[in-house]
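To keep things clear, I will list the structure first and then write my remarks on it.
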2 protein chains.
Amino acid sequence: MDQAVIADEQFTPRQQAVLDCALQLLVGGGEKGLTTAGLARAANCSKESIYKWFGDRDGLLAAMIAHQASKVRAGADNAHAMDGGQFRSYLTDFAHDLLDVLAGDVSLALNRLAIGQASRSESRLGRLMVERGRRRIEARAMALLEAGKRRGHIRYQDREAVYHTFYGLIVRDLHVRMLLGEAGVRRPEQFAEMAEEAVAQFFVLFGTDTPAD
Amino acid sequence: MDQAVIADEQFTPRQQAVLDCALQLLVGGGEKGLTTAGLARAANCSKESIYKWFGDRDGLLAAMIAHQASKVRAGADNAHAMDGGQFRSYLTDFAHDLLDVLAGDVSLALNRLAIGQASRSESRLGRLMVERGRRRIEARAMALLEAGKRRGHIRYQDREAVYHTFYGLIVRDLHVRMLLGEAGVRRPEQFAEMAEEAVAQFFVLFGTDTPAD
DNA sequence: CGACTAGAGTACCGAACGGTACGGTACGGC
DNA sequence: GCCGTACCGTACCGTTCGGTACTCTAGTCG
């Protein structure tokens, strides 16, 4: 039953507006900034409607995650006729997009929320977070890497392992530090440079010696 | 005033026992599992004592972080007369220790707590977490890397950058996924292998061509 | 022995919040 | 005109929890 709510991202426009409002509140005040009463006041709706639409508070949070996840673009990977320079450029784009997403206000707030709840309740929100958000990005990267391997730009054995290494080179410890709220860590103006550096290191590790670039 | 409490890790043995008990409760039930009444009951002390010792709930949390941080061994880096094999071995030990620490129950619970609070309250706990826990590990790694560079085992320009890359190679996205409670991510039996792989990749990126190993 | 202190145990208060119930209102179909 | 539906606004309830006050016990020191 809640599965239906979660799996279906066809929310009413009205409901989507409420969810956006909820995200805004969450970004503003953290988990305790998001109360049903507060949301009802901010979104000009009634608490009863919230409970009717989303079941309970957990359902609301799940809906927020699903709604937000439906907004991140998957990123088109046009892997046809891709020379070395293009492949490198696609990887760099992916890295940059990943950093942008992880550093976003809403992403940080939702991740904080899911992590805060991860200890109790069998981490239902955490699973949702991973499946809805992370898997999509992962799929995009995997496809890209596979294409690069097929065309001989990179070589590797384990697809999962190489992806995780790539991720590590891009994100490092940035994500956790941003989640912890460390000041001066979010520097979007450096993301381009960081992305290029990560890709350069990635090619050192997995690139073939074809003078692709 | 709270500064005094935070900066001073000389807690009474009794107080340390209470803090340990609090950590246990936190590990067991997440943030909501740790209430002052519950702690008083579990630790056989009175709420009033808790408030007298730690000020308020935030002070208690800060004390817990400080107390836990004081328990992680910094790791002796005996960098004297270190040949290539030893250096590599030290790096692998560091990587393994890092994975062990991050995957620990108490570490995960405290990080979840700090991250959950990071949005509000100017992320005081987050800062504490970084300064108390992260910086120590960072310092150990930095010293190790510097020693390795001085002896010609590795080469690099920016100390910070190379450390962060090393961290990324070791941890990848494991930490966040563990924080999210993803099932099947914590595999301590694989940490040794992962550490060696990370170090191998690290040497590909930053190692000199001296046949050290 | 008597005064003092630390601390356990408990009772209590007030605020916040999740969740429910109810009255009022606009709208669309019959 | 009438009914059903959806929904807003608000009042309300029960619980939880942080924080405070008070009492009683045990140990210490003069």
Side-chain angles (χ1 to χ4, degrees), chain A residues 1-2 4-5 8 10-26 28-65 109 112-114 116-117 119-121 124-125, chain B residues 1-2 5 10-26 28-65 109 112-114 116-117 119-121 124-125:
Chain A
M1 156 220 141
D2 56 357
V5 174
D8 190 1
Q10 257 91 336
F11 293 116
T12 301
R14 176 78 177 117
Q15 294 171 358
Q16 291 187 21
V18 171
L19 289 176
D20 278 323
C21 199
L23 287 173
Q24 215 53 39
L25 284 177
L26 187 70
E31 177 170 6
K32 80 156 196 181
L34 178 66
T35 67
T36 52
L39 176 58
R41 208 179 318 116
N44 285 324
C45 71
S46 71
K47 284 174 67 174
E48 200 168 12
S49 299
I50 294 175
Y51 284 103
K52 170 181 283 191
W53 294 334
F54 308 112
D56 57 2
R57 192 172 188 271
D58 264 24
L60 172 66
L61 300 179
M64 287 167 63
I65 291 179
R112 288 198 183 109
L113 179 66
Q117 306 241 327
S119 41
R120 55 183 175 275
S121 81
R124 191 162 139 272
L125 290 185
Chain B
M1 156 218 136
D2 56 357
V5 174
Q10 256 91 336
F11 292 116
T12 302
R14 176 78 175 115
Q15 293 171 357
Q16 291 186 22
V18 172
L19 289 177
D20 278 323
C21 197
L23 287 173
Q24 214 52 41
L25 284 177
L26 187 69
E31 176 170 6
K32 79 157 198 180
L34 177 66
T35 66
T36 51
L39 176 58
R41 207 179 318 117
N44 285 325
C45 71
S46 70
K47 284 174 66 174
E48 199 165 12
S49 299
I50 294 174
Y51 283 102
K52 171 181 283 192
W53 293 334
F54 307 112
D56 58 1
R57 192 171 188 272
D58 264 25
L60 172 66
L61 300 179
M64 289 167 63
I65 291 179
R112 287 198 185 109
L113 180 66
Q117 306 243 326
S119 41
R120 54 183 176 275
S121 80
R124 191 162 140 271
L125 290 186

Any residue meeting salt bridge (charged side-chain N to carboxylate O under 4.0 Å, His left out) with B:D20, in chain and number order, not counting sequence neighbours
B:K71
Nearest heavy atoms of B:F11 and B:Q16, plus distance in Å
O-NE2, 3.0 Å
Looking only at heavy atoms, the pair that brings A:L19 and A:F54 closest together is CD2-CZ, 3.8 Å
Under 3.5 Å, side-chain donor or acceptor atoms of residues 36-50 of chain B against the rest of the protein: list the pairs with distances, not counting sequence neighbours.
{"unit_1": "B:S46", "atom_1": "OG", "unit_2": "B:S49", "atom_2": "N", "d": "3.1"}
{"unit_1": "B:S46", "atom_1": "OG", "unit_2": "B:S49", "atom_2": "OG", "d": "2.9"}

What residues from residues 31-38 of chain A pass a heavy-atom cutoff of under 4.0 Å to DNA chain D?
none
Distance, nearest 0.5 Å, that separates [atom1] of [X] from [atom2] of [Y]:
X      : Y      : atom1 : atom2 : result
B:L26  : B:M64  : CG    : CE    : 4.5 Å
B:L113 : B:L125 : CG    : CG    : 6.0 Å
A:L23  : A:L34  : CG    : CG    : 8.5 Å

Sorted by number, residues from residues 41-51 of chain A placing a heavy atom under 4.0 Å from DNA chain C are A:K47, A:E48, A:Y51
If you draw a 6.0 Å radius around CD in A:E31, do more than 12 non-hydrogen atoms from other residues or ligands fall strictly inside?
yes
Contact interval (first through last nucleotide) of DNA chain C with protein chain A, 4.0 Å heavy-atom:
C:dC17 to C:dC22
Under a 4.0 Å heavy-atom criterion, DNA chain D is touched by chain B from D:dC17 to D:dC22
A:V18 side chain near A:W53 side chain, heavy-atom distance below 4.5 Å
yes
